[in-house]
Amino acid sequence: MKRLTKFLSALVIALPITIQAQTVELTTMNWPPFYGEGLEKGGFITAIVNEAFTQSGYDSTIEFTAWQTALSTVKSGDKDAIVGGYYSNERAQEYYYSIPIYTVLTGLIKKPDFPLANYSSFESIDQYSIAKLKGSVIGESFDNFAFSNLKEYQEVSDAIKALDSGEVQLYADSLAVAKEAAKAQGIDASQLQILVPPLEKNELYVLISKSIPNAEILRDAFNKGLMEIQMSGRYNEILTEFNQQ
């Protein structure tokens, strides 16, 4: 009986640890319409990620913060994974990448008074001030070009205000994201346009910290869950629920 009591006591102590290990702590920035704390279910990308983890037997929580903060906390292992990052070779040194979740078109966003409608090279627009989010990846060719006047901002809203005021002439991001940020700031979103041609078609991924135990197991579990909800039709149902089809 004494041995049984000790066993049950050990089980009670160990049980919360087991439950905690099944909860994935996610983080990302506010990036409507794809994900954000003011969106239903945190946005459709968050809904897809949560559904994929649930399918594989995990609970998940998410914290919305500045992008650079999200990168840092996941790199250190204080959070488990980032929702919705682009790929870069540099990032792949610090994070395990899931299979792609969704594709986003990225471009240089301008106002109607910008003197160009299209461009042929980065050299041809290097005279202009260009904004991007601090810590963001745009695309290999853009990221490797040494722009003369590239400014980094902590939040999308800061970059949009800079674009609207003329502090910068171009902003590298998704047009859908820029328009949502403009609306939130009371700025006329209809004036925002993409300079032709667009920059990249970027895949969104879950970035899993290499600093946490069983990181590869977590990545594989997410991938399995995502593929299963895609095959079952649940993935498309979520897109339809959020008017993304």
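Because the structure is predicted, anything quoted here is derived from the model rather than measured. Residue numbers start at 1 and run along the sequence shown.
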Taking all heavy atoms of [X] and all of [Y], pick out the closest pair and write down the distance.
X    : Y    : value
M29  : A66  : CB-C, 4.4 Å
V206 : A81  : CG1-CB, 3.8 Å
K110 : L170 : CB-CD2, 3.7 Å
A159 : A131 : CB-CB, 4.4 Å
S124 : L116 : O-CD1, 4.4 Å
L71  : G135 : CD1-O, 3.5 Å

Item to complete: Evaluate the side-chain contact (heavy atoms from CB on, under 4.5 Å) criterion for residues I194 and L108: first the C-alpha distance (whole Å), next the side-chain angles of each, then the deciding distance (0.1 Å), finally the verdict.
Response: CA-CA 6 Å; I194 277 191; L108 289 165; over 6 Å; no
Polar side-chain atom of [X] near backbone of [Y] as donor-acceptor pair, under 3.5 Å:
X    : Y    : value
Q169 : S129 : yes
D164 : I160 : no
K210 : A92  : yes
D126 : F122 : no
N223 : I99  : yes
T240 : N236 : yes
S56  : F53  : no
D173 : A178 : no
R91  : Y86  : yes

Discussion item. side-chain contact (heavy atoms from CB on, under 4.5 Å) for V83 and T27? Distances and angles first, verdict last.
Written reply: CA-CA 6 Å; V83 172; T27 186; over 6 Å; no
Rounded at 0.5 Å granularity, tell me how far [atom1] in [X] sits from [atom2] in [Y].
X    : Y    : atom1 : atom2 : value
N144 : I138 : CG    : CD1   : 12.5 Å
I130 : L163 : CD1   : CG    : 11.5 Å
T73  : E63  : OG1   : CD    : 7.0 Å
K79  : S72  : NZ    : OG    : 13.5 Å
Q127 : S148 : CD    : OG    : 10.0 Å
I212 : E25  : CD1   : CD    : 9.5 Å

Discussion item. I'd like to know whether the aromatic ring centres of Y35 and F44 sit less than 6.0 Å apart in this structure.
Written reply: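 No - the distance between ring centres of Y35 and F44 does not fall below the 6.0 Å cut-off.
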Item to complete: Report yes if the distance between the aromatic ring centroids of Y58 and F222 is under 6.0 Å, otherwise no.
Response: no
Practice prompt. Evaluate the side-chain contact (heavy atoms from CB on, under 4.5 Å) criterion for residues K179 and S174: first the C-alpha distance (whole Å), next the side-chain angles of each, then the deciding distance (0.1 Å), finally the verdict.
Written response: CA-CA 9 Å; K179 287 192 171 187; S174 156; over 6 Å; no
Check side chain to side chain contact (heavy atoms under 4.5 Å, CB included) between [X] and all other residues, then give those that pass, not counting sequence neighbours.
X    : answer
I229 : I48, E51, A52, Q55, L226, S232, R234, Y235
E90  : S88
D158 : Y153, Q154, E155, K161

Quick one: are [X] and [Y] in side-chain contact, heavy atoms under 4.5 Å?
X    : Y    : result
F64  : T46  : yes
D59  : T54  : no
Y87  : P100 : no
L192 : Y171 : no
V74  : D80  : no
K41  : F242 : yes
T103 : L204 : no
F34  : Y102 : yes

Give a yes or no on whether [X] and [Y] share a hydrophobic cluster (residues Ile, Leu, Val, Met, Phe, Trp, Tyr; joining criterion: side-chain heavy atoms under 4.5 Å apart).
X    : Y    : value
V156 : V137 : yes
V177 : L39  : no
L195 : F142 : yes
I101 : M227 : yes
L239 : V49  : yes

Worksheet entry | Flag if over 12 foreign heavy atoms under 6.0 Å of CD, Q191 |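 More than 12 heavy atoms, drawn from other residues, nucleotides or ligands, come within 6.0 Å of this atom.
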Discussion item. L150 vs K132, test: side-chain contact (heavy atoms from CB on, under 4.5 Å). Steps then yes/no.
Written reply: CA-CA 7 Å; L150 184 66; K132 62 168 284 192; 3.8 Å; yes
Fill in: Within 45° cone of Y95 ring axis and under 6.0 Å: K75 NZ or CZ
no
